[in-house]
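Structure first, then comments.
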Number of protein chains: 2
Amino acid sequence: MLKHNEYGQFCPVAKTAEILAVKWMPLVIRELLSGSFRFNDLQRGVPLMSPSLLSTRLKVLEDSGFVRRNPAKKGRGHEYHLTEAGKELGPIVEMYGDWAQTWLQQKIADQDLDPSLLMWDIRRNLDAAHFPTDRRASVQFELTGAKAKQRRWWVVFEEGEADLCMKDPGHEVDLYISSPLRALTEVWIGKRSISGALKSGELVLDGPRKLVDTFPNWFLLSATAR
Amino acid sequence: MLKHNEYGQFCPVAKTAEILAVKWMPLVIRELLSGSFRFNDLQRGVPLMSPSLLSTRLKVLEDSGFVRRNPAKKGRGHEYHLTEAGKELGPIVEMYGDWAQTWLQQKIADQDLDPSLLMWDIRRNLDAAHFPTDRRASVQFELTGAKAKQRRWWVVFEEGEADLCMKDPGHEVDLYISSPLRALTEVWIGKRSISGALKSGELVLDGPRKLVDTFPNWFLLSATAR
DNA sequence: CAGTATCCGATGCGATACTG
DNA sequence: CAGTATCGCATCGGATACTG
(Lines give C-alpha, C1' and ligand atoms only; values in the text may rest on other atoms or scores of the structure.)
Protein backbone atom coordinates (compact mmCIF):
# COMPACT_ATOMS: atom_id res chain seq x y z
CA MET A 1 0.00 0.00 0.00
CA LEU A 2 1.08 3.52 -0.75
CA LYS A 3 2.12 5.66 2.19
CA HIS A 4 0.55 9.05 2.42
CA ASN A 5 3.54 10.95 1.06
CA GLU A 6 4.17 8.59 -1.84
CA TYR A 7 3.02 8.93 -5.39
CA GLY A 8 3.40 5.48 -6.92
CA GLN A 9 5.47 6.84 -9.78
CA PHE A 10 8.93 5.86 -10.93
CA CYS A 11 9.66 9.39 -12.13
CA PRO A 12 12.61 10.91 -10.26
CA VAL A 13 10.72 14.15 -9.81
CA ALA A 14 8.08 12.23 -7.90
CA LYS A 15 10.72 10.58 -5.77
CA THR A 16 12.16 13.92 -4.71
CA ALA A 17 8.70 15.31 -4.14
CA GLU A 18 8.08 12.51 -1.66
CA ILE A 19 10.75 14.14 0.48
CA LEU A 20 10.40 17.82 -0.31
CA ALA A 21 6.69 18.28 -0.94
CA VAL A 22 5.86 17.78 2.70
CA LYS A 23 4.86 20.51 5.05
CA TRP A 24 7.80 22.26 6.76
CA MET A 25 10.36 20.05 5.11
CA PRO A 26 12.02 22.68 2.91
CA LEU A 27 12.27 24.99 5.90
CA VAL A 28 13.85 22.34 8.07
CA ILE A 29 16.40 21.77 5.35
CA ARG A 30 16.94 25.49 5.01
CA GLU A 31 17.78 25.64 8.69
CA LEU A 32 20.17 22.73 8.48
CA LEU A 33 21.85 24.35 5.51
CA SER A 34 22.20 27.64 7.25
CA GLY A 35 24.29 26.07 9.95
CA SER A 36 21.94 25.28 12.82
CA PHE A 37 22.56 21.81 14.09
CA ARG A 38 21.14 21.71 17.59
CA PHE A 39 17.49 20.91 18.06
CA ASN A 40 16.75 24.16 19.81
CA ASP A 41 18.54 26.20 17.20
CA LEU A 42 16.60 24.47 14.47
CA GLN A 43 13.43 25.25 16.33
CA ARG A 44 14.21 28.92 16.46
CA GLY A 45 14.20 28.95 12.69
CA VAL A 46 10.76 27.36 12.53
CA PRO A 47 9.13 28.68 15.66
CA LEU A 48 5.60 27.85 14.53
CA MET A 49 6.44 24.19 14.05
CA SER A 50 5.77 21.97 17.03
CA PRO A 51 8.79 20.21 18.47
CA SER A 52 7.24 16.81 17.95
CA LEU A 53 6.72 17.49 14.29
CA LEU A 54 10.27 18.78 13.92
CA SER A 55 11.42 15.62 15.57
CA THR A 56 9.55 13.37 13.17
CA ARG A 57 10.78 15.32 10.17
CA LEU A 58 14.35 14.98 11.34
CA LYS A 59 13.80 11.29 11.80
CA VAL A 60 12.57 10.90 8.26
CA LEU A 61 15.62 12.73 6.99
CA GLU A 62 17.86 10.58 9.12
CA ASP A 63 16.24 7.33 8.05
CA SER A 64 16.51 8.37 4.44
CA GLY A 65 20.18 9.13 4.83
CA PHE A 66 20.08 12.89 4.35
CA VAL A 67 20.82 13.82 7.93
CA ARG A 68 23.24 12.28 10.37
CA ARG A 69 22.51 12.52 14.07
CA ASN A 70 25.40 12.36 16.48
CA PRO A 71 25.70 12.82 20.23
CA ALA A 72 26.42 16.46 20.92
CA LYS A 73 30.04 17.42 21.41
CA LYS A 74 29.12 19.75 24.23
CA GLY A 75 26.07 19.55 26.40
CA ARG A 76 23.42 16.86 26.18
CA GLY A 77 21.36 16.01 23.17
CA HIS A 78 22.46 15.54 19.60
CA GLU A 79 23.81 17.34 16.61
CA TYR A 80 22.02 17.12 13.30
CA HIS A 81 24.14 17.47 10.22
CA LEU A 82 23.28 17.10 6.59
CA THR A 83 25.00 14.29 4.78
CA GLU A 84 26.48 14.93 1.38
CA ALA A 85 23.23 13.94 -0.28
CA GLY A 86 21.40 16.31 2.03
CA LYS A 87 23.73 19.18 1.28
CA GLU A 88 23.00 18.67 -2.38
CA LEU A 89 19.48 19.82 -1.64
CA GLY A 90 21.02 23.21 -1.00
CA PRO A 91 20.86 24.45 -4.57
CA ILE A 92 17.20 23.48 -4.73
CA VAL A 93 16.33 25.40 -1.60
CA GLU A 94 18.34 28.34 -2.84
CA MET A 95 16.30 28.35 -6.00
CA TYR A 96 13.18 28.49 -3.87
CA GLY A 97 14.52 31.73 -2.46
CA ASP A 98 15.53 33.15 -5.80
CA TRP A 99 12.26 32.25 -7.43
CA ALA A 100 10.20 33.92 -4.73
CA GLN A 101 12.45 36.94 -4.82
CA THR A 102 11.89 37.32 -8.53
CA TRP A 103 8.26 36.37 -8.90
CA LEU A 104 6.56 37.00 -5.59
CA GLN A 105 7.33 40.63 -5.09
CA GLN A 106 4.11 41.24 -3.31
CA LYS A 107 4.16 43.06 -0.04
CA ILE A 108 5.17 41.11 3.01
CA ALA A 109 2.03 40.24 4.96
CA ASP A 110 1.73 41.55 8.48
CA GLN A 111 1.39 38.04 9.77
CA ASP A 112 4.74 37.15 8.27
CA LEU A 113 6.57 39.81 10.23
CA ASP A 114 8.27 38.24 13.19
CA PRO A 115 10.78 40.11 15.32
CA SER A 116 12.43 37.09 16.86
CA LEU A 117 12.77 35.25 13.57
CA LEU A 118 14.24 38.36 12.01
CA MET A 119 16.71 38.96 14.80
CA TRP A 120 17.73 35.32 14.89
CA ASP A 121 18.40 35.45 11.16
CA ILE A 122 20.27 38.70 11.46
CA ARG A 123 22.44 37.44 14.26
CA ARG A 124 23.38 34.37 12.27
CA ASN A 125 24.66 36.55 9.48
CA LEU A 126 26.48 39.17 11.45
CA ASP A 127 30.11 39.27 10.47
CA ALA A 128 31.80 39.70 13.80
CA ALA A 129 35.21 39.73 12.15
CA HIS A 130 34.35 42.97 10.40
CA PHE A 131 32.90 44.66 13.41
CA PRO A 132 35.42 47.41 14.07
CA THR A 133 36.35 46.94 17.67
CA ASP A 134 38.71 44.75 19.55
CA ARG A 135 37.03 44.83 22.91
CA ARG A 136 33.56 43.73 23.81
CA ALA A 137 30.92 45.83 22.10
CA SER A 138 27.19 46.04 22.33
CA VAL A 139 24.52 46.98 19.79
CA GLN A 140 20.94 47.64 20.67
CA PHE A 141 18.15 47.12 18.17
CA GLU A 142 14.80 48.75 18.62
CA LEU A 143 12.03 47.50 16.41
CA THR A 144 9.43 50.21 16.52
CA GLY A 145 5.95 48.91 16.05
CA ALA A 146 6.73 45.49 17.48
CA LYS A 147 5.08 44.31 20.64
CA ALA A 148 6.72 45.54 23.81
CA LYS A 149 8.26 42.19 24.67
CA GLN A 150 9.90 41.80 21.29
CA ARG A 151 10.79 45.38 20.76
CA ARG A 152 14.32 45.57 22.03
CA TRP A 153 17.23 43.28 21.29
CA TRP A 154 20.87 43.37 22.12
CA VAL A 155 23.76 41.89 20.24
CA VAL A 156 27.02 41.53 22.10
CA PHE A 157 30.18 41.13 20.09
CA GLU A 158 32.90 39.41 21.99
CA GLU A 159 35.88 37.39 20.88
CA GLY A 160 34.66 37.15 17.32
CA GLU A 161 31.25 35.88 18.36
CA ALA A 162 27.91 37.63 18.26
CA ASP A 163 25.39 36.78 20.94
CA LEU A 164 21.74 37.74 20.80
CA CYS A 165 19.83 38.68 23.91
CA MET A 166 16.24 39.64 24.49
CA LYS A 167 17.13 41.19 27.80
CA ASP A 168 19.40 44.09 28.45
CA PRO A 169 22.74 42.51 29.29
CA GLY A 170 23.63 45.66 31.15
CA HIS A 171 26.67 46.63 29.14
CA GLU A 172 27.09 50.10 27.87
CA VAL A 173 25.59 50.31 24.39
CA ASP A 174 28.00 51.32 21.62
CA LEU A 175 25.50 51.58 18.77
CA TYR A 176 21.77 52.12 18.75
CA ILE A 177 19.81 50.86 15.77
CA SER A 178 16.20 51.74 15.36
CA SER A 179 13.78 50.84 12.63
CA PRO A 180 10.20 49.82 12.11
CA LEU A 181 9.97 46.04 12.06
CA ARG A 182 8.70 46.07 8.52
CA ALA A 183 11.45 48.29 7.20
CA LEU A 184 14.23 46.26 8.75
CA THR A 185 12.65 43.05 7.48
CA GLU A 186 12.45 44.44 3.97
CA VAL A 187 16.05 45.52 4.09
CA TRP A 188 17.08 42.15 5.42
CA ILE A 189 15.49 40.16 2.63
CA GLY A 190 16.65 42.57 -0.03
CA LYS A 191 13.37 44.19 -0.91
CA ARG A 192 14.89 47.58 -0.23
CA SER A 193 18.34 48.98 0.24
CA ILE A 194 20.10 50.00 3.40
CA SER A 195 20.83 53.41 2.00
CA GLY A 196 17.21 53.93 1.01
CA ALA A 197 16.00 53.03 4.46
CA LEU A 198 18.54 55.40 6.01
CA LYS A 199 17.57 58.24 3.70
CA SER A 200 13.89 57.83 4.42
CA GLY A 201 14.69 58.17 8.08
CA GLU A 202 13.11 54.86 8.98
CA LEU A 203 16.36 53.15 9.74
CA VAL A 204 18.39 55.13 12.22
CA LEU A 205 21.91 54.38 13.38
CA ASP A 206 23.10 56.27 16.39
CA GLY A 207 26.65 55.88 17.59
CA PRO A 208 30.27 56.60 16.77
CA ARG A 209 31.07 57.32 13.18
CA LYS A 210 33.25 54.26 12.83
CA LEU A 211 30.40 51.89 13.64
CA VAL A 212 27.83 53.74 11.58
CA ASP A 213 29.97 53.96 8.47
CA THR A 214 31.03 50.33 8.54
CA PHE A 215 27.50 49.10 9.18
CA PRO A 216 27.06 47.44 5.75
CA ASN A 217 30.31 45.56 6.25
CA TRP A 218 29.27 43.62 9.30
CA PHE A 219 25.48 43.74 9.00
CA LEU A 220 25.12 41.14 6.27
CA LEU A 221 21.82 40.60 4.51
CA SER A 222 19.98 37.35 3.96
CA ALA A 223 21.43 34.82 1.56
CA THR A 224 18.85 35.55 -1.13
CA ALA A 225 19.39 39.28 -0.83
CA ARG A 226 23.08 38.94 -1.60
CA MET B 1 -5.21 33.45 10.78
CA LEU B 2 -2.72 31.30 8.98
CA LYS B 3 -4.00 29.08 6.22
CA HIS B 4 -2.93 25.49 6.25
CA ASN B 5 -0.23 25.75 3.65
CA GLU B 6 1.25 28.91 5.10
CA TYR B 7 4.21 29.28 7.39
CA GLY B 8 3.98 32.78 8.78
CA GLN B 9 7.51 33.59 7.70
CA PHE B 10 8.80 36.39 5.52
CA CYS B 11 11.63 34.22 4.21
CA PRO B 12 11.38 33.74 0.45
CA VAL B 13 12.10 30.05 0.83
CA ALA B 14 9.01 29.76 2.97
CA LYS B 15 6.98 31.65 0.41
CA THR B 16 7.94 29.24 -2.35
CA ALA B 17 7.35 26.30 -0.07
CA GLU B 18 3.80 27.49 0.41
CA ILE B 19 3.30 26.71 -3.27
CA LEU B 20 5.60 23.77 -3.86
CA ALA B 21 5.55 21.87 -0.59
CA VAL B 22 2.02 20.71 -1.16
CA LYS B 23 1.06 17.23 -2.13
CA TRP B 24 1.07 16.59 -5.88
CA MET B 25 2.01 20.16 -6.72
CA PRO B 26 5.47 19.48 -8.14
CA LEU B 27 4.05 16.72 -10.29
CA VAL B 28 1.30 18.92 -11.64
CA ILE B 29 3.91 21.47 -12.56
CA ARG B 30 6.06 18.78 -14.11
CA GLU B 31 3.15 17.84 -16.33
CA LEU B 32 2.51 21.42 -17.33
CA LEU B 33 6.17 21.85 -18.14
CA SER B 34 6.26 18.73 -20.21
CA GLY B 35 3.69 20.11 -22.56
CA SER B 36 0.36 18.73 -21.42
CA PHE B 37 -2.21 21.43 -21.33
CA ARG B 38 -5.56 19.70 -21.47
CA PHE B 39 -7.13 18.52 -18.25
CA ASN B 40 -7.28 14.94 -19.38
CA ASP B 41 -3.71 14.95 -20.54
CA LEU B 42 -2.60 16.35 -17.23
CA GLN B 43 -4.53 13.62 -15.50
CA ARG B 44 -2.76 10.92 -17.45
CA GLY B 45 0.48 12.14 -15.94
CA VAL B 46 -0.86 11.90 -12.39
CA PRO B 47 -3.29 9.02 -12.67
CA LEU B 48 -3.48 8.44 -8.92
CA MET B 49 -4.57 11.99 -8.24
CA SER B 50 -8.30 12.54 -8.11
CA PRO B 51 -9.71 14.91 -10.70
CA SER B 52 -11.19 17.14 -8.06
CA LEU B 53 -7.84 17.57 -6.40
CA LEU B 54 -6.15 18.27 -9.71
CA SER B 55 -8.81 20.86 -10.32
CA THR B 56 -8.20 22.63 -7.04
CA ARG B 57 -4.44 22.58 -7.55
CA LEU B 58 -4.83 24.14 -10.95
CA LYS B 59 -7.07 26.75 -9.47
CA VAL B 60 -4.48 27.68 -6.87
CA LEU B 61 -1.88 28.01 -9.58
CA GLU B 62 -4.22 30.12 -11.64
CA ASP B 63 -5.18 32.38 -8.76
CA SER B 64 -1.53 32.85 -7.91
CA GLY B 65 -0.70 33.79 -11.46
CA PHE B 66 1.44 30.81 -12.42
CA VAL B 67 -1.05 29.21 -14.78
CA ARG B 68 -3.31 30.80 -17.32
CA ARG B 69 -6.52 29.04 -18.23
CA ASN B 70 -8.03 29.75 -21.62
CA PRO B 71 -10.96 28.28 -23.51
CA ALA B 72 -9.71 25.37 -25.61
CA LYS B 73 -8.90 26.13 -29.23
CA LYS B 74 -10.43 22.85 -30.32
CA GLY B 75 -13.03 20.88 -28.47
CA ARG B 76 -14.66 21.91 -25.25
CA GLY B 77 -12.95 22.67 -21.99
CA HIS B 78 -9.88 24.73 -21.39
CA GLU B 79 -6.18 24.86 -21.93
CA TYR B 80 -3.83 25.30 -19.00
CA HIS B 81 -0.57 27.01 -19.72
CA LEU B 82 2.19 28.12 -17.43
CA THR B 83 2.79 31.83 -17.26
CA GLU B 84 6.31 33.12 -17.39
CA ALA B 85 6.57 32.92 -13.62
CA GLY B 86 5.30 29.37 -13.76
CA LYS B 87 7.80 28.36 -16.38
CA GLU B 88 10.53 29.63 -14.14
CA LEU B 89 9.66 26.79 -11.79
CA GLY B 90 11.03 24.52 -14.50
CA PRO B 91 14.63 24.61 -13.33
CA ILE B 92 13.53 23.74 -9.82
CA VAL B 93 11.54 20.73 -10.94
CA GLU B 94 14.42 19.66 -13.14
CA MET B 95 16.69 19.74 -10.13
CA TYR B 96 14.25 17.48 -8.34
CA GLY B 97 14.84 14.99 -11.13
CA ASP B 98 18.58 15.38 -11.13
CA TRP B 99 18.86 15.11 -7.41
CA ALA B 100 16.87 11.90 -7.25
CA GLN B 101 18.84 10.52 -10.14
CA THR B 102 22.08 11.17 -8.31
CA TRP B 103 21.15 10.37 -4.74
CA LEU B 104 18.25 7.96 -4.83
CA GLN B 105 19.64 5.21 -6.94
CA GLN B 106 17.77 2.58 -5.08
CA LYS B 107 15.81 0.04 -7.02
CA ILE B 108 12.50 1.11 -8.42
CA ALA B 109 9.75 -0.29 -6.22
CA ASP B 110 7.27 -2.66 -7.80
CA GLN B 111 4.46 -0.37 -6.83
CA ASP B 112 6.04 2.41 -8.82
CA LEU B 113 6.00 0.46 -12.05
CA ASP B 114 3.10 1.58 -14.17
CA PRO B 115 2.69 0.51 -17.77
CA SER B 116 0.32 3.25 -18.80
CA LEU B 117 2.36 5.99 -17.18
CA LEU B 118 5.47 4.66 -18.86
CA MET B 119 3.88 4.41 -22.28
CA TRP B 120 2.34 7.83 -21.98
CA ASP B 121 5.73 9.26 -21.11
CA ILE B 122 7.39 7.38 -23.93
CA ARG B 123 4.88 8.50 -26.46
CA ARG B 124 5.33 12.10 -25.49
CA ASN B 125 9.02 11.86 -26.21
CA LEU B 126 8.95 9.90 -29.42
CA ASP B 127 10.61 11.86 -32.17
CA ALA B 128 8.31 11.20 -35.07
CA ALA B 129 10.48 13.32 -37.34
CA HIS B 130 13.31 10.84 -36.98
CA PHE B 131 11.21 7.77 -37.49
CA PRO B 132 12.47 6.50 -40.84
CA THR B 133 9.36 6.13 -42.91
CA ASP B 134 7.21 8.43 -44.95
CA ARG B 135 4.03 6.45 -44.87
CA ARG B 136 2.00 5.44 -41.87
CA ALA B 137 3.88 3.03 -39.63
CA SER B 138 2.99 1.02 -36.61
CA VAL B 139 5.01 -0.15 -33.63
CA GLN B 140 3.81 -2.67 -31.12
CA PHE B 141 5.11 -2.72 -27.57
CA GLU B 142 4.76 -5.79 -25.42
CA LEU B 143 5.49 -5.32 -21.75
CA THR B 144 6.09 -8.81 -20.48
CA GLY B 145 5.14 -9.22 -16.89
CA ALA B 146 2.48 -6.52 -16.98
CA LYS B 147 -1.15 -7.35 -16.42
CA ALA B 148 -2.92 -8.65 -19.49
CA LYS B 149 -4.89 -5.47 -20.03
CA GLN B 150 -1.82 -3.25 -19.96
CA ARG B 151 0.51 -5.61 -21.71
CA ARG B 152 0.26 -4.50 -25.31
CA TRP B 153 0.44 -1.03 -26.74
CA TRP B 154 0.55 0.34 -30.22
CA VAL B 155 2.09 3.51 -31.47
CA VAL B 156 1.03 4.72 -34.87
CA PHE B 157 3.24 7.20 -36.65
CA GLU B 158 1.38 9.26 -39.18
CA GLU B 159 2.06 12.67 -40.63
CA GLY B 160 4.74 13.45 -38.09
CA GLU B 161 2.51 12.56 -35.18
CA ALA B 162 2.70 9.58 -32.86
CA ASP B 163 -0.54 8.22 -31.46
CA LEU B 164 -0.74 5.80 -28.59
CA CYS B 165 -3.40 3.08 -28.49
CA MET B 166 -4.21 0.43 -25.95
CA LYS B 167 -6.14 -1.50 -28.54
CA ASP B 168 -4.86 -3.04 -31.71
CA PRO B 169 -5.59 -0.42 -34.36
CA GLY B 170 -5.54 -3.19 -36.91
CA HIS B 171 -2.70 -1.90 -39.03
CA GLU B 172 0.09 -4.16 -40.07
CA VAL B 173 2.86 -3.90 -37.47
CA ASP B 174 6.21 -2.67 -38.74
CA LEU B 175 8.24 -3.13 -35.59
CA TYR B 176 7.72 -5.31 -32.55
CA ILE B 177 9.26 -4.22 -29.29
CA SER B 178 9.25 -6.50 -26.32
CA SER B 179 10.66 -6.02 -22.86
CA PRO B 180 9.86 -6.68 -19.26
CA LEU B 181 8.07 -3.68 -17.77
CA ARG B 182 10.85 -3.12 -15.30
CA ALA B 183 13.61 -3.25 -17.88
CA LEU B 184 11.94 -0.76 -20.19
CA THR B 185 11.20 1.53 -17.27
CA GLU B 186 14.81 1.47 -16.17
CA VAL B 187 15.99 2.22 -19.67
CA TRP B 188 13.50 5.04 -19.94
CA ILE B 189 14.62 6.84 -16.83
CA GLY B 190 18.28 6.26 -17.59
CA LYS B 191 19.09 3.68 -14.94
CA ARG B 192 20.41 1.38 -17.66
CA SER B 193 21.39 1.72 -21.27
CA ILE B 194 19.51 0.67 -24.36
CA SER B 195 22.47 -1.32 -25.57
CA GLY B 196 22.78 -3.11 -22.26
CA ALA B 197 19.15 -4.07 -22.29
CA LEU B 198 19.46 -5.33 -25.86
CA LYS B 199 22.56 -7.36 -25.08
CA SER B 200 20.97 -8.97 -22.07
CA GLY B 201 18.16 -10.11 -24.31
CA GLU B 202 15.51 -8.41 -22.20
CA LEU B 203 14.76 -5.72 -24.70
CA VAL B 204 14.01 -7.23 -28.09
CA LEU B 205 13.40 -5.33 -31.31
CA ASP B 206 11.95 -7.32 -34.16
CA GLY B 207 11.49 -5.72 -37.53
CA PRO B 208 13.31 -4.36 -40.55
CA ARG B 209 16.91 -3.39 -40.07
CA LYS B 210 16.25 0.26 -40.76
CA LEU B 211 13.83 0.60 -37.86
CA VAL B 212 15.91 -1.44 -35.46
CA ASP B 213 19.13 0.40 -36.14
CA THR B 214 17.62 3.85 -35.86
CA PHE B 215 15.74 3.00 -32.68
CA PRO B 216 17.81 5.26 -30.41
CA ASN B 217 17.22 8.16 -32.78
CA TRP B 218 13.48 8.28 -32.43
CA PHE B 219 12.96 6.51 -29.11
CA LEU B 220 14.01 9.36 -26.85
CA LEU B 221 14.56 8.81 -23.15
CA SER B 222 13.12 10.80 -20.29
CA ALA B 223 14.34 14.34 -19.72
CA THR B 224 16.41 13.41 -16.69
CA ALA B 225 18.03 10.51 -18.51
CA ARG B 226 19.30 12.78 -21.26
C1' DC C 1 17.86 21.24 27.71
C1' DA C 2 16.41 18.01 24.25
C1' DG C 3 13.32 16.02 22.85
C1' DT C 4 8.79 12.29 23.34
C1' DA C 5 4.13 10.94 24.33
C1' DT C 6 -0.49 11.71 24.03
C1' DC C 7 -4.55 13.78 22.61
C1' DC C 8 -7.87 15.58 19.64
C1' DG C 9 -9.71 18.55 16.21
C1' DA C 10 -9.46 20.26 11.53
C1' DT C 11 -8.88 19.25 6.91
C1' DG C 12 -6.71 17.18 3.26
C1' DC C 13 -7.64 14.20 0.09
C1' DG C 14 -9.41 9.87 -1.98
C1' DA C 15 -13.67 7.74 -3.77
C1' DT C 16 -17.65 8.10 -6.07
C1' DA C 17 -21.11 10.15 -8.52
C1' DC C 18 -22.81 13.59 -11.23
C1' DT C 19 -23.51 17.39 -14.74
C1' DG C 20 -23.21 20.69 -18.86
C1' DC D 1 -15.10 15.23 -22.54
C1' DA D 2 -13.99 18.34 -18.80
C1' DG D 3 -14.43 19.02 -14.99
C1' DT D 4 -17.61 19.81 -10.08
C1' DA D 5 -20.10 18.34 -6.00
C1' DT D 6 -20.51 15.69 -2.15
C1' DC D 7 -19.13 12.60 1.45
C1' DG D 8 -16.50 10.63 4.98
C1' DC D 9 -12.53 8.77 6.89
C1' DA D 10 -7.77 8.88 7.79
C1' DT D 11 -4.11 11.48 9.15
C1' DC D 12 -1.79 15.36 9.67
C1' DG D 13 -0.24 18.34 12.66
C1' DG D 14 -0.98 21.77 16.58
C1' DA D 15 -1.24 22.06 21.68
C1' DT D 16 0.01 20.56 25.85
C1' DA D 17 2.29 17.98 29.07
C1' DC D 18 5.84 15.21 30.40
C1' DT D 19 10.49 12.94 31.13
C1' DG D 20 15.58 11.71 31.37
Side-chain angles (χ1 to χ4, degrees), chain A residues 1-9 14 17-28 31-32 36-63 67-81 111 114 166, chain B residues 1-9 14 17-28 31-32 36-63 67-81 111 120 166:
Chain A
M1 200 49 201
L2 238 38
K3 288 176 55 183
H4 70 277
N5 67 318
E6 295 178 335
Y7 294 113
Q9 295 197 181
E18 290 180 357
I19 307 281
L20 280 187
V22 167
K23 193 169 182 189
W24 290 109
M25 195 59 108
L27 304 195
V28 171
E31 287 307 301
L32 289 163
S36 295
F37 49 88
R38 299 296 299 250
F39 193 87
N40 260 19
D41 290 344
L42 293 167
Q43 260 201 294
R44 295 196 65 166
V46 284
L48 267 44
M49 186 183 192
S50 74
S52 53
L53 190 52
L54 174 57
S55 177
T56 64
R57 290 287 184 272
L58 287 169
K59 216 159 294 175
V60 166
L61 290 174
E62 190 190 353
D63 293 346
V67 159
R68 209 169 359 249
R69 168 180 137 138
N70 300 316
K73 297 203 174 72
K74 43 169 51 180
R76 278 194 299 298
H78 299 83
E79 293 186 357
Y80 300 86
H81 287 282
Q111 65 184 358
D114 181 334
M166 294 194 62
Chain B
M1 198 49 201
L2 236 39
K3 287 177 54 183
H4 238 78
N5 64 319
E6 295 177 337
Y7 294 111
Q9 296 197 182
E18 290 181 357
I19 308 281
L20 279 188
V22 168
K23 192 168 184 190
W24 290 110
M25 196 58 109
L27 304 196
V28 172
E31 287 307 301
L32 289 163
S36 294
F37 49 87
R38 299 297 298 251
F39 193 87
N40 261 19
D41 292 344
L42 293 167
Q43 259 200 295
R44 295 197 64 167
V46 283
L48 268 43
M49 185 183 194
S50 74
S52 53
L53 189 52
L54 173 57
S55 177
T56 64
R57 290 289 183 270
L58 287 169
K59 216 160 295 173
V60 168
L61 289 174
E62 191 191 352
D63 293 345
V67 158
R68 206 165 4 247
R69 167 178 137 141
N70 300 316
K73 297 203 173 73
K74 43 169 49 180
R76 278 192 300 296
H78 300 82
E79 292 186 358
Y80 299 86
H81 288 282
Q111 66 184 358
W120 178 245
M166 295 194 62

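Residue numbering restarts at 1 for every chain, and letters A, B, ... go by the order of the sequence lines. Here the structure is a predicted model, which is why all the values come from computation and not from measurement.
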* Structure fact -> Whichever of B:Pro51 and A:Thr56 has the more 5' nearest nucleotide on DNA chain C, that residue is A:Thr56
* Asked: Does the side chain of A:Val22 reach to within under 4.5 Å of the side chain of A:Arg57, using non-hydrogen atoms?
  -> yes
* **N/O (side chain, B:His78) to phosphate O (OP1/OP2, D:dG3) under 4.0 Å** => yes
* Pairwise side-chain contact, B:Val28 with B:Leu58, heavy-atom cut-off 4.5 Å (strictly under) -> yes
* To do: Check whether any side-chain N or O of B:Arg57 sits under 4.0 Å from OP1 or OP2 of C:dC13, and answer yes or no.
  => yes
* Asked: Is A:Lys3 near enough to D:dT11 that one of its side-chain N or O atoms lies under 4.0 angstrom from OP1 or OP2?
  -> no
* **Out of C:dG14, D:dG20, D:dC1, whichever nucleotide has its closest atom nearest the side chain of B:Lys23** => C:dG14
* Using only side-chain N and O atoms of B:Lys59, determine if any of them is under 4.0 Å from OP1 or OP2 of D:dG3. => no
* **Contact under 4.0 Å: A:Tyr80 side-chain N or O vs C:dG3 OP1/OP2** => yes
* Which whole-number value in Å describes the distance from A:Leu53 CG to C:dC7 C1'? -> 15 Å
* To do: With DNA chain D as reference, determine whether A:Asn5 or B:Asn40 sits nearer its 5' end, using the nearest nucleotide of each.
  => B:Asn40
* To do: Check whether any side-chain N or O of A:His4 sits under 4.0 Å from OP1 or OP2 of C:dC13, and answer yes or no.
  => no
* Asked: Which whole-number value in Å describes the distance from A:Asp41 CG to C:dC1 P?
  -> 11 Å
* For residues A:Glu79 and A:Arg38, determine if any side-chain heavy atom of one lies less than 4.5 Å from a side-chain heavy atom of the other. => yes
* Do the side chain of A:Tyr7 and the main chain of B:Trp24 share a donor and acceptor less than 3.5 angstrom apart? -> yes
* **Residue-phosphate contact under 4.0 Å: B:Trp24 side-chain N/O, C:dG12 OP1/OP2** => no
* Structure fact -> The nucleotide from D:dG13, D:dA5, D:dG3 with an atom nearest the side chain of B:Phe39 is D:dG3
* Length of the line joining A:Leu54:CG and C:dC1:P, which is rounded to integer Å -> 16 Å
* **Separation of C:dA2 P from A:Lys73 NZ (nearest whole Å)** => 15 Å
* **Spacing between B:Leu2 atom CG and D:dG14 atom P, to the nearest angstrom** => 9 Å
* Structure fact -> Here the distance between atom P of D:dG3 and atom CZ of B:Arg76, to the nearest Å, is 11 Å
* Can you check the B:Leu42 CG to D:dG3 P distance for me, whole Å? -> 9 Å
* Asked: What integer distance in Å separates B:Phe37:CZ from D:dG3:P?
  -> 12 Å
* Does a side-chain heavy-atom distance below 4.5 Å link A:Asp114 with A:Pro47? -> yes
